[in-house]
Participant: 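Just passing along the structure, written as structure tokens.
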Amino acid sequence: MPELPEVETIRRTLQERILHRRIQGVRVSYQKVLRNCTELEFNQALRDREFVQLDRRGKYLIAYLDSHNRVVIHLRMTGRLVVLPRDYPMEKHVSLQIYMSGEEELRLIDQRKFATVYLLQEPGFGPIKGLATLGMEPLEEGFTCIYLTEQVQGRTAAIKSVLLDQRRVAGLGNIYADESLYRAGIFPGRPAGSLSSTEINRLHQSIQRVIGEGIAHRGTTFRDYVDGDGRKGGFQELLRVYGREGEPCRMCGEPIGRVKLAGRSSFYCPLCQR
DNA sequence: AGTAGGACCTGGTGGC
DNA sequence: TGCCACCAGGTCCTAC
């Protein structure tokens with residue numbers, strides 16, 4: 001579900017509510033959510049500790065304990081993280097609860113059970129391959145036109161697939177990739193290597209703008225995304241193509257089209273995107 | 001090296 | 001109302 005702007009919004013809202021609070025224990029109701037440790041090990045590592053820092057890399061959340069151990073969470077499609085009073089009624093699909101001082105708890109709720117949680121007790125991100133191999137983030141200093149050019153040149157794969165490849169650009173998902181390509185006027189199925197330098201420049205600018213605006217609007221609630229406070233995002237009002245099949249393009253009025261690329265729906269304007 | 005397809009899961013929607 | 005096929009914002013693995 002959440003892409004970079006949503007995960008960043010969750011990070012910002014959550015850090016106010018979980019940092020520097022004593023962890024009293026954990027409860028794992030879906031065992032497979034823990035990918036590299038048992039419930040017992042997880043409980044032992046967290047109990048009587050506190051989180052001191054909450055970072056984000058791509059779509060991963062990284063929570064640092066005062067022991068220097070780290071908890072890494074990826075929400076995948078439907079994961080949600082919310083802080084609630086301990087006696088708040090249990091929702092369906094709760095995978096994990098972390099009990100904190102102050103009679104509150106952090107809940108991981110995940111309808112499709114794809115979300116993953118790791119406990120890292122050694123330096124580095126080795127055990128989490130996707131995290132260890134992430135590319136540049138759109139708003140990171142190193143994400144330059146030159147960098148993007150290196151990522152696309154010589155590739156025959158569709159530019160959309162390249163944008164979704166987290167090793168090349170960290171944090172884009174289906175929504176923000178489509179919105180970036182629309183704003184750059186590039187058809188998602190174009191071979192990446194066929195983009196001119198002008199198009200790469202436009203795409204670079206579009207990605208940064210779309211991600212920046214996405215964060216400013218606290219993410220996109222297309223289905224059920226909410227931040228750590230339970231609030232919906234606002235960027236869905238600003239979507240130009242995603243989910244708008246058949247509706248008029250805001251630039252030219254042509255009905256928005258949809259194609260399957262790499263198994264994913266891609267929305268685009270047949271006239272504005274070449 | 002690339003890419004297509006299946007796997008991981010559940011629920012909502014639309015067709016009949 | 002019931003049943004069924006299909007769809008979903010992500011990533012990983014295997015097979016070609």
Side-chain angles (χ1 to χ4, degrees), chain A residues 1-10 29-36 56-61 72-81 91-96 108-118 125 127-135 150-182 188-194 210-211 214-215 217-227 232-236 238-246 258-267:
Chain A
M1 160 209 280
E3 305 179 33
L4 191 158
E6 290 76 37
V7 180
E8 176 60 19
T9 304
I10 291 168
S29 23
Y30 180 63
Q31 297 297 325
K32 286 200 275 184
V33 74
L34 295 178
R35 306 304 286 211
N36 71 335
R56 179 194 56 72
R57 267 292 279 142
K59 303 171 192 171
Y60 291 86
L61 282 169
V72 177
I73 302 175
H74 195 301
L75 298 170
R76 305 285 176 129
M77 308 275 262
T78 52
R80 293 157 51 194
L81 280 171
E91 301 85 346
K92 245 177 147 177
H93 315 303
V94 174
S95 292
L96 175 72
L108 171 58
I109 306 162
D110 184 21
Q111 181 194 111
R112 287 174 72 182
K113 296 188 167 73
F114 288 169
T116 51
V117 175
Y118 296 83
F125 296 120
I128 312 175
K129 206 167 145 215
L131 178 52
T133 58
L134 279 181
E150 288 167 357
Q151 301 309 309
V152 305
Q153 69 184 182
R155 320 220 140 259
T156 55
I159 182 64
K160 169 83 178 273
S161 311
V162 173
L163 294 185
L164 290 178
D165 185 343
Q166 303 298 302
R167 295 168 304 179
R168 305 192 181 283
V169 185
L172 286 181
N174 213 23
I175 295 178
Y176 293 94
D178 277 3
E179 294 296 315
S180 299
L181 287 165
Y182 171 81
R190 280 271 300 282
S194 75
V210 164
I211 292 294
I215 294 172
H217 290 267
R218 302 176 1 268
T220 302
T221 297
F222 195 74
R223 286 205 166 72
D224 44 18
Y225 159 75
V226 289
D227 65 22
K232 295 187 174 195
F235 194 69
Q236 61 278 8
L238 300 176
L239 296 178
R240 309 237 180 117
V241 284
Y242 188 84
R244 298 191 64 241
E245 184 183 16
R258 171 178 178 160
V259 287
K260 266 274 197 258
L261 278 173
R264 328 282 309 275
S265 282
S266 292
F267 298 90

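Quick caveat: nothing in here was measured; it's all calculated off a predicted structure. By convention in this document, chain letters (A, B, ...) are assigned in the order of the sequence lines, proteins followed by strands, and residues within each chain are numbered from 1.
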Participant: Whether the side chain of A:Thr9 engages the backbone of A:Asp227 through a donor-acceptor N/O pair (distance < 3.5 Å, no angle test) should be reported.
Facilitator: no
Participant: Can you tell me if A:Lys113 touches the phosphate of B:dG11, counting only side-chain N or O atoms and a distance under 4.0 Å to OP1 or OP2?
Facilitator: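 Negative; the distance criterion is not met.
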Participant: Starting from C1' on C:dG10, measure out to OH on A:Tyr225 and report it in whole angstrom.
Facilitator: 16 Å
Participant: On the nucleotide B:dC9, are OP1 or OP2 found under 4.0 Å from the side-chain N or O atoms that A:Lys32 carries?
Facilitator: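 Checking B:dC9 against A:Lys32, a side-chain N or O does come within under 4.0 Å of OP1 or OP2.
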Participant: Just call it for A:Phe267: base, sugar-phosphate, or nothing, with non-hydrogen atoms closer than 4.0 Å on any strand.
Facilitator: nothing
Participant: Where the side chain of A:Asp110 meets the backbone of A:Phe114, is there a donor-acceptor pair that is under 3.5 Å apart?
Facilitator: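 Side chain of A:Asp110 to backbone of A:Phe114, a donor-acceptor pair under 3.5 Å: yes, one is there.
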Participant: Send over the distance from A:Tyr242 OH to C:dC7 P, rounded to a whole Å.
Facilitator: 13 Å
Participant: How many whole angstroms separate atom CG of A:Asp165 from atom P of C:dC13?
Facilitator: 14 Å
Participant: Is A:Lys92 near enough to B:dG11 that one of its side-chain N or O atoms lies under 4.0 angstrom from OP1 or OP2?
Facilitator: yes
Participant: Evaluate the criterion side chain to side chain contact (heavy atoms under 4.5 Å, CB included) for residue pair A:Arg240 and A:Glu179; output intermediate values, then yes/no.
Facilitator: CA-CA 7 Å; A:Arg240 309 237 180 117; A:Glu179 294 296 315; 3.6 Å; yes
Participant: Rounded to whole angstrom units, what separation is found between the CZ atom of A:Arg264 and the C1' atom of C:dG10?
Facilitator: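 In whole Å, C:dG10 C1' and A:Arg264 CZ are 6 Å from each other.
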Participant: Would you please say whether a donor-acceptor pair under 3.5 Å links the side chains of A:Tyr60 and A:Gln166?
Facilitator: no
Participant: DNA chain C: A:Arg258 or A:His74, which has the more 5' nearest nucleotide?
Facilitator: A:Arg258
Participant: Taking atom types as modelled, is there a side-chain donor on A:Arg258 or A:Ser265 under 3.5 Å from an acceptor on the other?
Facilitator: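 The criterion, which ignores hydrogens and geometry beyond distance, is satisfied for A:Ser265 and A:Arg258.
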Participant: To the nearest Å, give me how far apart CD1 (A:Ile128) and P (C:dC13) are.
Facilitator: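 Result: 13 Å.
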Participant: Does A:Phe114 stack onto the base of B:dC9, taking stacking as ring centres under 5.5 Å apart and planes under 30° apart?
Facilitator: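 It does not: the two rings, one from A:Phe114 and one from B:dC9, miss the stacking criterion.
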Participant: Nearest to the side chain of A:Lys260, heavy atoms from C-beta on, is which of C:dA8, C:dC13, C:dT11?
Facilitator: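 Looking only at heavy atoms from C-beta outward on A:Lys260, the closest nucleotide is C:dA8.
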Participant: P atom, C:dC4 versus B:dC9: distance in rounded Å?
Facilitator: 22 Å
Participant: What is the distance, rounded to the nearest whole Å, between atom CG of A:Leu164 and atom P of C:dA8?
Facilitator: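 Going from CG in A:Leu164 over to P in C:dA8 covers 13 Å.
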Participant: Would you indicate, yes or no, if C:dG10 has its OP1 or OP2 atom less than 4.0 angstrom from a side-chain nitrogen or oxygen of A:Lys59?
Facilitator: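 Yes.
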Participant: Tell me: CD1 of A:Ile175 to C1' of C:dG10, nearest whole Å?
Facilitator: 12 Å
Participant: Which residues satisfy the side chain to side chain contact (heavy atoms under 4.5 Å, CB included) test with A:Thr221, sequence neighbours excluded?
Facilitator: A:Tyr225, A:Lys232, A:Gln236
Participant: Give, for atom OH of A:Tyr118 and atom NE2 of A:His74, the distance between the pair rounded to the nearest 0.5 Å.
Facilitator: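 Separation between the atoms: 9.0 Å.
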Participant: Tell me whether the side-chain N/O atoms of A:Arg112 come closer than 4.0 Å to OP1 or OP2 in B:dC8.
Facilitator: no
Participant: Any side-chain N or O of A:Ser265 below 4.0 angstrom from OP1/OP2 of C:dA8?
Facilitator: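 For C:dA8, OP1 or OP2 has a side-chain N or O of A:Ser265 closer than 4.0 Å.
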Participant: Just to be sure I follow the notation: if a pair is Watson-Crick (purine N1 to pyrimidine N3 plus N6-O4 or O6-N4) or a G-U wobble (N1-O2 and O6-N3), each under 3.5 Å, what dot-bracket string does DNA chain B give, with | for pairs to another strand?
Facilitator: .|||||||.|||||||
Participant: Would you tell me if any nitrogen or oxygen in the side chain of A:Gln111 comes within less than 4.0 Å of OP1 or OP2 on B:dC9?
Facilitator: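 It does not, given that no N or O in the side chain of A:Gln111 lies less than 4.0 Å from OP1 or OP2 of B:dC9.
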Participant: For residues A:Thr220 and A:Tyr176, is any side-chain donor paired with an opposing acceptor at under 3.5 Å?
Facilitator: yes
Participant: Answer yes or no: does a side-chain N or O of A:Tyr60 lie under 4.0 Å from OP1 or OP2 of C:dG10?
Facilitator: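 The answer is no; no side-chain N or O of A:Tyr60 sits under 4.0 Å from OP1 or OP2.
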Participant: Name the closest nucleotide to the A:His93 side chain, picking from C:dC13, B:dT10, C:dT11.
Facilitator: B:dT10
Participant: In whole Å, what is the span from the CG atom of A:Asp110 to the C1' atom of C:dA8?
Facilitator: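 Whole-Å distance recorded here is 13 Å.
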Participant: Taking any heavy-atom pair under 4.0 Å as a contact, classify A:Thr156: base, sugar-phosphate, or nothing.
Facilitator: sugar-phosphate
